[in-house]
Amino acid sequence: MSQAPSPYSVMQRLVAADGIRFSAEDLAHLADAAEVAEQLARQAAAVAEGIGSLIDSDRQQAPAGDGSLQGDEQAPLVYLLGTVLSTVAGLIHVSSVARHELSRVHAGVR
């Protein structure tokens, strides 16, 4: 069984697909994806910092082996952070391609 595609690879394939033509309005909307990516990255950073603080606090106060993110709790969180970062990268890629295509539309090249 093959691994599911990452959010980045899905978005990359979407904007690279031959035969798909977006309107100038659609391209302008997609070009704003960088703003969404920035917001998502800031939220992920805040969550990661909060988790780090929680783990640090637990290590200082709880007996060894007790506290937050013990055992099976760690892997899903790390996978989730990887997915969030892949999504951010994909949004930035989509925004970059859309801005490039929009500049071509405005220049009359496309």
Modelled atom types, side-chain donor and acceptor of Ser95 and Arg99, under 3.5 Å: yes
Atom CD in Glu101, atom CZ in Arg21: separation rounded to 0.5 Å? 7.0 Å
Is there a donor-acceptor contact under 3.5 Å from the side chain of Ser53 to the main chain of Glu49? yes
Taking Val10 as the starting point, is it possible to reach Val88 by hopping between hydrophobic residues whose side chains are less than 4.5 Å apart? no
How far apart are the C-alpha atoms of Asp32 and Val36, what are their side-chain angles, what is the distance that settles it, and do they pass the side chain to side chain contact (heavy atoms under 4.5 Å, CB included) test? CA-CA 7 Å; Asp32 290 338; Val36 174; over 6 Å; no
With distance as the sole test, does Ser86 use its side chain to make a donor-acceptor pair with the main-chain N or O of Tyr8 at under 3.5 Å? yes
Kindly give the heavy-atom pair with the smallest separation between Leu27 and Ala98, and that separation in Å. O-CB, 3.5 Å
On a heavy-atom basis, the closest approach of Thr87 and Met11 is O-CE, 3.7 Å
Do Val97 and Leu91 belong to the same hydrophobic cluster, where Ile, Leu, Val, Met, Phe, Trp and Tyr are linked whenever their side-chain heavy atoms lie under 4.5 Å apart, directly or via other members? yes
Does Arg104 reach the main-chain N or O of Val109 with its side chain, forming a donor-acceptor pair under 3.5 Å? no
same_hphob_cluster(Leu30, Leu14) at 4.5 Å side-chain heavy-atom cutoff: yes
